[in-house]
Amino acid sequence: MDAPITSLLETDLYKFTMWQTMLHRHPETQARYRFVCRNTPAYPLAELLPEVNAALDTLCALRFRPDELAYLKGLRFIKSDFVDFLRIFQFQRDFIRAGVEGDRLTIEAEGPQVHVMGFEIHVLAIVNELYFRRFNPTAALAEGRARLAAKIAQLKAFGTEPPRRHPFEFFDFGVRRRFSGPWQREVVATLQREVPEYFKGSSNVLLARDLNLVPIGTMAHEYLQSYQALGVRLRDHQKAALEDWVQEYRGDLGVALTDVVGMDAFLADFDLYFAKLFDGLRHDSGDPVQWGEKALAHYAKLRIDPHTKRLVFSDGLDVPRALDLYRHFADRTQCGFGIGTQLSNDVGLTPLNIVMKLTHCNGQPVAKLSDSPGKTLCEDQTFLAYLRQVFGVVR
């Protein structure tokens, strides 16, 4: 069977943007990432170990090709020295280990952060595709095409509604939990062809390049979490991370993620300086309506026109939920919607809820205090309690 990943460009854009920042600001950082499956699969993931190891061997043999480097260099926020680094980059097999514990598949990546942070999306795409290859592809793809056609019909029907102040725009965020690479490509190409007025890009850099779409993404939780162990006061880690981002991108990539220690703690740090410098905020946990109202209230308190800002929603969305949120907010601010699993793996099978999260930096634990309790992840409960205390987060 073909390898699930055949190009190092087939990952989320924010892996490159965070990678570049860490290379420039903290290239000496050591990090550990751990794979977790949050739901119960139809069969034990441990059965996939031989195939996963073979796919990791293939991944670690890949290099960036000249045409891929040329594409990255053409993105105005990617700097030439980072492209030079990528020119000689190759994943090191010694830095990633896969194994089993009972029925569970275990995967850990550990080493210099600039050499291991890129594993995450590739590993998730590999596990997903290998897992779903054991199901009936003919039935799954037939169901997937029927559901995709229904989504397109729903979007076209939405077009008959009275226009609101700001347009509806959504993006594909589905590479990490996709049914397969070819299916994600078919979904994205179909949406681009059928509803170009709404579908505006993909986080998958390879697909964005091949289909002439806008690559979408800024930062993920791991970026802000890393700063919990990079020498600044824990209370100041969000401000330090945001400041480095501002200095790195000078006005580009201006959407900040808000839920590493919860929305309230984030807004306490997101003062007038940052609120003016960043173009908007991204929601990834908790009630999206409450989150959006808090964001708009914060902009109002700072006397910032919310019509100049953007709220991006990306937590477990499907098309109906995205449209509902759009109707709620679109007359008051710009909106964007990143839809992942419900685009790239809506084929009638239960998706895997898998992640590969940063757990340690420089030998110290890091944590995410999500606004959705089930998304909180930390291996050190003492550190987690301390983080809650520092930011005044109630359990």
Side-chain angles (χ1 to χ4, degrees), residues 1-24 27 31 33 35 51-75 77-98 107-130 172-178 180-185 188 201-220 222-223 253 344 354 356 358:
M1 302 276 302
D2 293 338
I5 298 293
T6 58
S7 166
L8 294 182
L9 212 59
E10 191 152 33
T11 189
D12 284 330
L13 177 68
Y14 66 31
K15 298 307 293 190
F16 290 107
T17 57
M18 294 186 294
W19 198 353
Q20 176 173 260
T21 306
M22 297 308 292
L23 180 67
H24 288 159
Y33 292 77
F35 171 86
E51 298 158 80
V52 167
N53 272 321
L56 291 176
D57 291 342
T58 300
L59 176 68
C60 291
L62 296 176
R63 301 284 292 270
F64 284 98
R65 297 188 286 268
D67 60 302
E68 296 171 337
L69 294 168
Y71 174 77
L72 291 171
K73 192 172 184 178
L75 302 175
F77 45 82
I78 296 295
K79 298 177 173 60
S80 61
D81 68 317
F82 180 48
V83 176
D84 291 338
F85 168 80
L86 295 179
R87 191 180 309 278
I88 61 174
F89 175 80
Q90 186 171 1
F91 282 119
Q92 300 302 301
R93 190 63 171 88
D94 290 345
F95 290 156
I96 188 164
R97 302 173 302 278
I107 305 174
E108 275 198 358
E110 185 170 11
Q113 190 168 30
V114 294
H115 285 276
V116 299
M117 64 189 301
F119 275 120
E120 176 202 2
I121 304 302
H122 296 307
V123 166
L124 297 177
I126 285 169
V127 172
N128 262 297
E129 184 151 347
L130 294 176
D172 159 55
F173 279 9
V175 62
R176 67 183 57 217
R177 294 179 184 166
R178 65 192 186 186
S180 70
W183 173 240
Q184 186 189 19
R185 183 177 289 267
V188 170
S202 174
S203 66
N204 185 326
V205 182
L206 182 67
L207 289 186
R209 184 200 68 167
D210 291 352
L211 300 176
N212 197 27
L213 289 164
V214 176
I216 303 293
T218 56
M219 66 180 71
E222 67 178 288
Y223 173 69
L253 304 173
S344 67
I354 56 175
M356 189 167 181
L358 178 67

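As the structure is a computational prediction, the values presented were derived from the model and not from experiment. Quick note: numbers below take in every heavy atom, side chains included, and nothing from hydrogens, waters or symmetry partners. Along the sequence shown, the residues carry numbers beginning at 1.
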Subject >> Parallel, tilted or perpendicular: ring planes of W19 versus F91, cut at 30 and 60 degrees >> reply: parallel
**OP:** Apply side chain to side chain contact (heavy atoms under 4.5 Å, CB included) to T11 and list each qualifying residue two or more places apart in sequence or on a separate chain.
**Re:** K15, F16, I121, H122
Subject >> P182 vs E129 side-chain heavy atoms within contact, under 4.5 Å >> reply: yes
Original post:
To the nearest 0.5 Å, how far apart are CG in L211 and CG in D172?
Top reply: 10.0 Å
**OP:** Locate the shortest heavy-atom distance separating L358 from E222; write the atom from each residue and the value.
**Re:** CD2-O, 3.6 Å
Original post:
Taking the side chain as C-beta and beyond, is there a heavy-atom pair between N204 and V188 under 4.5 Å?
Top reply: no
Original post:
What residues, two or more places apart in sequence or in another chain, satisfy side-chain hydrogen bond (donor to acceptor under 3.5 Å, both in side chains) together with D84?
Top reply: none
Subject >> For N53, all residues meeting side chain to side chain contact (heavy atoms under 4.5 Å, CB included), sequence neighbours excluded >> reply: L49, L56, R93, A98
Original post:
Do you know which two heavy atoms are closest between L213 and G201, and how far apart they sit?
Top reply: CB-CA, 4.2 Å
**OP:** State whether the side chain of Q20 and the backbone N or O of F77 hold a donor-acceptor pair below 3.5 Å, judged by distance alone.
**Re:** yes
Original post:
Once you round to the nearest 0.5 Å, how far does CG of D81 lie from CZ of R87?
Top reply: 12.0 Å
Original post:
Which atoms form the tightest heavy-atom contact between V114 and F89, and what is the distance?
Top reply: O-CE1, 4.0 Å
Original post:
Quick one: side chain to side chain contact (heavy atoms under 4.5 Å, CB included) partners of T6, sequence neighbours excluded?
Top reply: A3
Subject >> Beyond-backbone contact of V127 with I107, side-chain heavy atoms, under 4.5 angstrom >> reply: yes
Original post:
Which heavy atom in Q92 sits nearest to a heavy atom in F119, and how many Å separate them?
Top reply: O-CZ, 3.8 Å
**OP:** Let me see the working for E68 and R209 under salt bridge (charged side-chain N to carboxylate O under 4.0 Å, His left out), right down to the final yes or no.
**Re:** CA-CA 9 Å; E68 296 171 337; R209 184 200 68 167; 5.1 Å; no
Subject >> Check: T21 and M219 side chains under 4.5 Å, non-hydrogen atoms >> reply: no
Original post:
Rounded to the nearest 0.5 Å, what separation is found between the CG atom of L13 and the CG atom of L206?
Top reply: 13.0 Å
Original post:
Between L59 and I5, which heavy-atom pair has the shortest distance, and what is it?
Top reply: CD1-CG2, 3.9 Å
**OP:** Step by step, work out the side-chain contact (heavy atoms from CB on, under 4.5 Å) result for K79 and F85.
**Re:** CA-CA 10 Å; K79 298 177 173 60; F85 168 80; over 6 Å; no
Subject >> Beyond-backbone contact of V83 with F64, side-chain heavy atoms, under 4.5 angstrom >> reply: no
Subject >> ring-ring contact (aromatic ring centres under 6.0 Å, His included) partners of Y223, counting only residues at least two apart >> reply: Y227, W245
Subject >> A109 to V116 - nearest heavy-atom pair and separation >> reply: CB-CB, 4.3 Å
Subject >> Separation of L69 CG from R63 CZ (nearest 0.5 Å) >> reply: 9.5 Å
Original post:
For K73, does the NZ atom sit with more than 12 other heavy atoms under 6.0 Å from it, leaving out its own atoms?
Top reply: no
Subject >> Flag if over 12 foreign heavy atoms under 6.0 Å of CG, D2 >> reply: no
Original post:
If you round to the nearest 0.5 Å, how far is OG1 of T218 from CD1 of I216?
Top reply: 10.0 Å
Subject >> Intermediate values then yes/no, side-chain contact (heavy atoms from CB on, under 4.5 Å), V205 and Y71 >> reply: CA-CA 10 Å; V205 182; Y71 174 77; 3.6 Å; yes
Subject >> Contacts of type side-chain hydrogen bond (donor to acceptor under 3.5 Å, both in side chains), residue E108, not counting sequence neighbours >> reply: R97
**OP:** With the side chain counted from C-beta on, respond yes when R65 and S7 share a heavy-atom pair under 4.5 Å apart, and no when they do not.
**Re:** yes
**OP:** Starting at CG of L9, measure out to CG of L62 and round the result to the nearest 0.5 Å.
**Re:** 11.5 Å
